[in-house]
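The next block holds one structure in the form of structure tokens; read it before the comments.
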Amino acid sequence: MATLSTDVLVIGGGATGAGIAWDAALRGLDVVLVDRQDLAEGTSGRFHGMIHSGGRYAVKDPRAAVECIGENRILRRVAADCIEDTGGMFVTTPFDDPAYADKLAKGCADTGVDCEEITPAQALRDEPRLNPQISRAFRVPDANIDVWKAVWAMSHGAQQHGARILPYHAAVAIHRSDDQVTGVRVRDARTGEESDIEARVTVNAGGAWAGQIADLAGIEGVRVLPGRGIMIAMNHRLVNTVVNRCQMPSDGDIIVPVRTVSVVGTTDVNTDDPDDHTVNQDEVDAMLDDGEKLVPGFRRARALRVWTGVRPLFEDAKPAGTDSRDVTRAHALLDHEQRDGVRGFVTITGGKLTTFRLMAEETVDAVCRQLGETRPCKTASVPLPGSESGENYRLGERLARKEANLIDEQVICECELVPRARLEEAITRTGSTNLDDIRRQLRLGMGPCQGGFCIYRAAGILHARDGLSAEEADGSLLDFLQERWKGVWPVLYGDQLRQVRLDDWIFQGVLDVAHLPRT
Ligand SMILES: Cc1cc2nc3c(=O)[nH]c(=O)nc-3n(C[C@H](O)[C@H](O)[C@H](O)COP(=O)(O)OP(=O)(O)OC[C@H]3O[C@@H](n4cnc5c(N)ncnc54)[C@H](O)[C@@H]3O)c2cc1C
């Protein structure tokens with residue numbers, strides 16, 4: 001059985017785990033990161049897309065608000081290329097408690113969140129589709145982030161510093177020698193092969209799965225309660241600013257413009273399984289009704305797709321020795337040497353995507369303490385690969401690049417303007433034949449047609465380039481279609497139903513995919 005050996009082994013390749021790998025590699029530590037799936041296929045790839053200004057937490061959770069605004073400012077610099085500076089707004093609709101607006105303004109002032117009141121007329125000039133009956137409006141510095149770009153930038157950056165990144169490697173056992181975690185057994189999800197990784201410190205960055213991973217190490221009481229939330233993508237940007245209802249955080253009260261679409265969300269339903277992706281029709285209906293409150297006519301726009309993510313809500317079932325853990329309402333860092341007397345093991349869970357860099361910094365500080373070393377964190381000042389210019393992403397950037405270079409380059413995905421060369425480069429670089437992995441790399445099939453026109457082209461290119469047999473390429477296409485279908489059926493009404501009928505004619509009528517031979 002093959003064995004790797006490293007200073008730091010990170011289990012979990014979401015934003016937090018990738019952030020830890022990047023941070024530790026920048027500090028000169030040797031790192032291996034494993035994820036049971038592709039990177040950012042857990043909650044990080046299933047969230048609402050927003051870099052919080054802190055406004056949402058300014059009244060309810062001031063500490064979280066302070067962390068969010070601090071990280072918001074840092075990420076705009078170091079992850080500039082992944083962030084679109086849309087700005088944000090809190091608006092009081094007729095459905096909101098009018099008294100909350102003053103509480104928001106005070107909460108923001110107390111926590112240092114930039115917040116400027118504007119007139120409803122100004123807000124409506126900026127966002128003409130907003131409910132015309134809004135009575136108060138505030139500008140805040142919310143933004144959106146392309147999390148896949150950020151996670152890949154961190155993993156490439158870590159690799160440039162020697163890290164080894166192993167997607168599709170699940171931790172199936174954690175090795176202990178008495179009171180020391182010594183490493184992990186991983187199983188390659190694609191070949192079934194098992195191997196051991198020895199590590200001086202193992203980090204559990206398993207998000208909603210962190211409790212299960214702690215169980216593998218025989219550590220008790222790390223309870224992470226999964227909270228499931230749904231989001232719905234609408235077919236274009238109904239707003240260009242992140243729009244929040246001016247009320248205590250609740251369901252369906254934010255619309256985030258993300259690239260070519262806008263996303264309404266979210267809910268929070270307790271579940272006992274972090275892999276539970278149930279979508280209830282009544283949740284979908286309630287979410288669309290909530291959208292109407294912010295943007296009248298919302299339901300008449302085309303709903304493209306519904307998906308769910310699972311929040312990692314930490315609850316320590318073990319009575320706390322106060323210095324044994326650093327649990328904030330925002331995130332939980334457990335040093336198991338202090339908490340359980342088990343050396344070489346640290347858990348980080350909870351928190352928000354907005355604060356992943358801070359969570360990574362605190363985690364690698366704890367790792368360094370366990371290693372008995374002092375190595376300062378650099379991630380607040382060193383830009384991610386691709387973000388060196390410090391310029392934020394702008395919608396229309398891909399189109400501008402295309403227009404500047406009007407040669408006969410073939411466009412494979414018209415919605416997200418993915419040219420053939422980028423698709424071929426991603427297939428070669430990742431070595432993946434999984435079209436869903438390639439979707440996350442390039443945003444292929446994530447725009448209004450949801451893969452209806454681009455994905456069979458991509459399957460053909462995969463077949464031609466990668467030497468896949470026809471059956472293997474068919475399998476990849478069919479898996480992609482099946483995955484997309486899961487998110488489409490709950491919103492089959494109106495124009496989306498017409499779009500799906502068209503897709504059906506293409507895939508069933510013309511290509512007869514139901515009868516393709518596949519592996
Ligand atoms: C509906 C919803 C909306 C949200 N919206 C926002 C938002 O707009 N802004 C914001 O800031 N935050 C938001 N959040 C919170 C944010 O998404 C999460 O806090 C964040 O993504 C968690 O990242 P993570 O890396 O800790 O966990 P994850 O991204 O879940 O990563 C954990 C990883 O561990 C891997 N793993 C599990 N078990 C194993 C194993 N045995 N071996 C190897 N790997 C394993 C999983 O595959 C996964 O990739 C939202 C959350 C939800 C649920």
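Remember, it's a predicted structure, so these values are computed and weren't measured experimentally.
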Is there a side-chain contact between [X] and [Y], using heavy atoms and a 4.5 Å cut-off?
X	Y	result
R302	L304	yes
F345	D340	no
V279	V284	yes
P167	I165	yes
V243	P257	no
V346	L333	yes
F314	V222	yes
Q133	T93	no

Could you check whether any side-chain N or O of [X] sits under 3.5 Å from a backbone N or O of [Y], counting only pairs where one atom can act as donor and the other as acceptor?
X	Y	answer
N244	M89	yes
R77	A380	yes
N131	K293	yes
T349	G207	yes
D290	D253	no
D35	G13	yes
R343	E337	no
T92	I134	no
K149	D81	yes
S53	P141	no

NZ/NE/NH1/NH2 to OD/OE distance under 4.0 Å, [X] and [Y]:
X	Y	result
D85	R394	no
R440	D436	yes
R439	D38	no
E292	R299	no
R36	D275	yes

How long is the gap from [atom1] on [X] to [atom2] on [Y], to the nearest 0.5 Å?
X	Y	atom1	atom2	result
I83	Y393	CD1	OH	13.5 Å
N72	T354	CG	OG1	7.5 Å
I230	T266	CD1	OG1	7.0 Å
H336	T347	NE2	OG1	2.5 Å
H331	F356	NE2	CZ	13.0 Å
I20	M359	CD1	CE	7.5 Å

Checklist entry - Above 12 or not: heavy atoms from other molecules or residues under 6.0 Å from CD of E220? => result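 Counting other residues, nucleotides and ligands, CD of E220 stays at 12 neighbours or fewer.
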Whether the [X] and [Y] side chains hold a donor-acceptor pair (N or O, under 3.5 Å, no angle test) is what I'd like checked.
X	Y	result
E67	T355	no
D126	Q122	yes
R357	T379	yes

Checklist entry - Quick one: which of R259, R76, R237 gives a salt bridge (Lys or Arg N to Asp or Glu O under 4.0 Å) with E84? => result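 That would be R237; it is the only one of R259, R76, R237 passing the salt bridge (Lys or Arg N to Asp or Glu O under 4.0 Å) with E84.
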Checklist outcome for this item: Sorted by chain and residue number, the side-chain hydrogen bond (donor to acceptor under 3.5 Å, both in side chains) partners of R223 (sequence neighbours excluded) come out as E315
Checklist entry - Listed by chain and number, what are the side-chain hydrogen bond (donor to acceptor under 3.5 Å, both in side chains) partners of D285, not counting sequence neighbours? => result none
Item to check | Candidates T363, L29, V8, T374 - the one meeting side-chain contact (heavy atoms from CB on, under 4.5 Å) with C368 | outcome: L29
Next on the checklist: Applying the side-chain contact (heavy atoms from CB on, under 4.5 Å) criterion to R129, which one of N240, L238, L124 satisfies it?
Outcome noted: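 Only match with R129 under side-chain contact (heavy atoms from CB on, under 4.5 Å): L238.
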Next on the checklist: Taking ring pair (Phe, Tyr, Trp, His ring centres under 6.0 Å) as the cut-off, I'd like each qualifying pair that reaches into residues 56-96, sequence neighbours left out, listed once.
Outcome noted: H52-Y57
Checklist entry - Sequence neighbours excluded, which residues qualify as salt bridge (Lys or Arg N to Asp or Glu O under 4.0 Å) partners of D96? => result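 Salt bridge (Lys or Arg N to Asp or Glu O under 4.0 Å) check on D96 returns R245.
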Checklist entry - For E127, what residues pass the salt bridge (Lys or Arg N to Asp or Glu O under 4.0 Å) criterion, not counting sequence neighbours? => result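 By the salt bridge (Lys or Arg N to Asp or Glu O under 4.0 Å) rule, E127 matches no residue at all.
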Item to check | Working for side chain to side chain contact (heavy atoms under 4.5 Å, CB included), residues H48 and V242 | outcome: CA-CA 11 Å; H48 203 172; V242 175; over 6 Å; no
Checklist entry - Can you list every pair that meets side chain to side chain donor-acceptor pair (under 3.5 Å) and has a residue in residues 14-24, with sequence neighbours left out? => result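 Qualifying pairs: D23-R27.
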Next on the checklist: Show, in sequence, the C-alpha distance, side-chain angles and deciding distance for D146 and R443, and conclude whether the side chain to side chain contact (heavy atoms under 4.5 Å, CB included) test is met.
Outcome noted: CA-CA 10 Å; D146 183 331; R443 304 189 72 86; 3.4 Å; yes
Checklist entry - If you look at every heavy atom in V91 and A137, which pair is closest and at what distance? => result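 Taking every non-hydrogen atom into account, CG1-CB, 4.0 Å.
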Next on the checklist: For a side chain to side chain contact (heavy atoms under 4.5 Å, CB included) check, start with the C-alpha distance between R56 and I254, then their side-chain angles and the critical distance, and finish with the verdict.
Outcome noted: CA-CA 10 Å; R56 184 166 175 80; I254 311 182; 3.5 Å; yes
